[in-house]
Amino acid sequence: MASKKLNLTEALKKYFGFDKFKGDQEAIVQNVLDGHDTFVLMPTGGGKSLCYQLPSLLMDGTAIVISPLIALMKNQVDVISSMSDEGTAHYLNSSLNKAAIDQVKSDILAGKTKLLYVAPESLTKEENVEFLRQAKISFYAIDEAHCISEWGHDFRPEYRRIRPIINEIGEAPIIALTATATDKVRTDIKKNLGIVDAKEFKSSFNRPNLYYEIRPKTMDVDKDIIKFIKQHPGKSGIIYCLSRKKVEELAEILKANDIKAAAYHAGLDSALRSQTQDDFLMERIDVIVATIAFGMGIDKPDVRFVIHYDIPKSLEGYYQETGRAGRDGGEGMCITFYAHKDLQKLDKFMEGKPVAEQDIGRQLLAETAAYAESSVCRRKMLLHYFGEEYHEDNCHNCDNCLHPKTKIEAKDQLVLFLQTVQALKENFRSDYIIDFVTGRETEEIIAHKHQNHDLFGAGEDFEEKHWNPVIRQALIVGYLKKDVENYGLLKLTSSGKKFIKNPQSFMIVEDNEFSEDYEAVSPEHEGGSSALDPTLCAMLKDLRKKVSRQLERPPYVIFQDVSIDQMATDYPVTLEELKNIQGVGEGKVKQSYAKEFVDLIKRYCDDNEIVRHSDLRVRTVAKKSILKVKIIQAIDRQIALDDIATAQGLEFEELLDEVEAIVYSGTKLNIDYFLDEVMDEDHLDDIYDYFSESETDSLEEALNELGQECTEDEIRLVRIKFISEMAN
């Protein structure tokens with residue numbers, strides 16, 4: 001056995017240049033060489049690829065590696081090719097022309113190719129199945145194996161077809177590898193691949209070098225991100241956004257602020273994606289703004305930060321994406337921006353999907369929300385989710401541990417909650433039990449007649465926000481467990497039953513509050529001032545009143561409150577800087593009064609010796625500029641607004657949002673042609689007169705004042721006409 005180990009170490013040195021294996025790598029390689037099915041759960045950065053690359057080089061035949069991303073294949077083939085002979089590694093996918101495919105097949109039949117990377121879609125093509133039957137297969141490696149499971153964060157139906165295709169090509173040992181998998185996902189993978197008896201190798205999920213932080217997502221999120229990047233100059237980072245549109249917008253904003261950044265998503269041309277990836281690896285750019293399509297298998301060890309612009313759909317996705325930071329063991333900062341409305345948006349995306357899929361998606365979202373809102377050590381929560389215990393009280397490397405909250409006693413609440421779970425026969429989820437103990441007569445509770453139960457309302461003295469941390473921390477400690485197979489029903493553990501009989505002290509920390517209007521900058525941003533200056537704000541409002549009297553226009557048509565507030569926060573002292581203020585565009589800056597405002601701010605800064613922090617003045621780009629140009633051009637051609645909305649794939653209300661943003665920022669639009677078609681003239685005049693005399697452009701106040709005679713859309717349309725004519 002000793003000689004075998006020596007041979008493996010020599011092979012490791014020969015092919016990869018390493019002196020020793022990491023973690024379980026050696027045992028995994030040996031298991032594959034011995035011809036056994038193998039299951040590998042190893043966090044990002046643990047060296048999964050080597051577990052199949054090394055045995056492929058030592059065995060007869062070709063190892064087939066099934067991988068979901070073409071970018072990953074190219075990257076890994078380049079790595080292997082640089083270590084060994086030409087033809088040792090190939091990939092077979094839709095990016096190759098016929099001549100290249102013929103060369104790959106020739107190398108395989110000649111016995112030169114040790115590793116063949118294929119996408120699951122390519123594997124299932126009949127001509128490829130026919131060809132691979134002729135080849136000698138050493139083993140099959142299924143990378144990113146969590147894609148098999150509906151409970152995984154990146155489920156792909158084509159992964160379900162892998163086992164039947166393997167049966168057609170010819171059986172050989174299988175090694176399944178993933179960086180993230182709960183117990184449920186792990187069972188799914190092994191069952192679907194027919195390797196239930198596979199030897200399991202599970203590495204620790206703890207990445208001590210990663211710092212985890214959740215920040216409130218405010219109106220200033222772009223500014224916060226730019227500040228963060230500028231505080232870490234020259235460091236490589238990835239920013240994840242959920243939509244392609246946001247990826248492109250944010251990349252443009254970063255570039256406008258002298259940050260070397262690029263966008264990456266599946267909708268971009270493959271040559272551009274490949275170039276962007278190479279630029280990132282070669283450090284020609286520092287920051288990639290991407291959808292989750294970027295990063296799988298990208299071998300860049302020195303990514304120093306991963307920012308989530310939007311909360312991910314699952315903790316598995318979050319763990320894998322944050323895991324791309326600090327793979328070399330060095331610093332890795334993982335910052336996530338969180339807002340309740342993002343969860344609501346993700347929840348809405350699920351509508352129309354099969355009920356079972358919706359249920360899974362919502363359970364995964366609930367886990368993510370719990371993680372974001374909890375004040376418990378982030379590391380402890382993450383590891384618990386993946387079935388691993390973390391025994392330290394303070395990890396000293398997450399926001400909750402660096403700024404711990406005071407603990408409070410919750411023994412009585414926990415006893416009541418555990419008794420309730422037991423009384424309701426362990427047959428309900430946490431949200432139902434919270435409704436029950438707080439005495440809310442929901443439709444579901446009435447349907448079960450539980451409003452008549454003795455314990456109903458027994459915890460009404462405590463709000464839902466107080467019960468959530470009790471449940472979450474009881475799960476971590478092990479008094480409760482979730483039956484994920486069965487809709488996430490709460491079950492008592494033996495420890496939980498003992499606790500009911502013999503209660504002990506149970507100290508908890510209450511959840512973090514994430515207010516939607518939270519505007520403060522997080523502690524790391526000290527040194528800059530992001531607070532509104534009330535004295536300057538009052539002076540700017542006085543100037544606005546003066547200008548409004550001179551021009552005989554309401555104050556809000558000069559500048560909206562949101563614009564005044566931002567001026568009193570960011571201190572723009574030139575017309576160019578004024579353009580960066582929300583609600584101020586080229587049109588507003590050209591108004592004669594614009595210079596009065598920046599001159600006032602400059603005098604105020606000089607008189608009060610205010611040092612303006614340059615990193616707080618963020619240059620913006622025209623977001624959605626192409627859409628805005630199309631809308632302006634269509635209105636110039638007098639196309640009906642509802643037809644414009646349809647042509648641009650917008651709801652009518654969404655189109656009005658865009659048109660309002662255009663006129664409020666200073667561009668004049670004439671929509672009279674549309675108003676003449678859809679509105680009575682007297683009706684229109686009444687609304688116009690209201691805005692002429694009103695001190696506010698508030699839609700809510702207009703609806704209250706104008707009563708039942710006007711619809712919201714009519715008021716908005718006339719307000720657009722008024723702002724366009726009076727302000728611009």
Find out whether [X] and [Y] are in side-chain contact, i.e. whether some heavy atom of one side chain is under 4.5 Å from a heavy atom of the other.
X      : Y      : result
Val376 : Val509 : yes
Glu373 : Tyr338 : yes
Cys395 : Lys380 : no
Tyr593 : Leu543 : no
Met507 : Ile408 : no
Lys668 : Val663 : no
His232 : Met333 : yes
Ile214 : Asp399 : yes

By side-chain contact (heavy atoms from CB on, under 4.5 Å), Leu272 pairs with (sequence neighbours left out) Leu268, Asp269, Thr276
Identify the heavy atoms of Tyr319 and Phe205 that sit nearest to each other, and give their distance.
OH-O, 2.6 Å
Minimum heavy-atom separation for Ser724 and Thr667, please, with both atom names.
OG-O, 4.2 Å
Can the ring centres of [X] and [Y] be said to be less than 6.0 Å apart?
X      : Y      : value
His384 : Tyr390 : no
Tyr385 : Tyr371 : no
Phe337 : Tyr309 : no

Do [Y] and [X] meet the salt-bridge criterion of a basic N to acidic O distance under 4.0 Å?
X      : Y      : result
Arg716 : Glu660 : yes
Asp286 : Lys235 : no
Asp342 : Lys217 : yes
Lys246 : Asp310 : no
Asp607 : Arg603 : no

Does the side chain of Glu144 come under 3.5 Å of the side chain of Thr178 through a donor N or O and an acceptor N or O?
no
How many angstroms lie between CG in Leu281 and CD1 in Ile288, if you round to the nearest 0.5 Å?
8.5 Å
Between Arg304 (side chain only) and Glu331 (backbone N and O only), is there a donor and an acceptor less than 3.5 Å apart?
yes
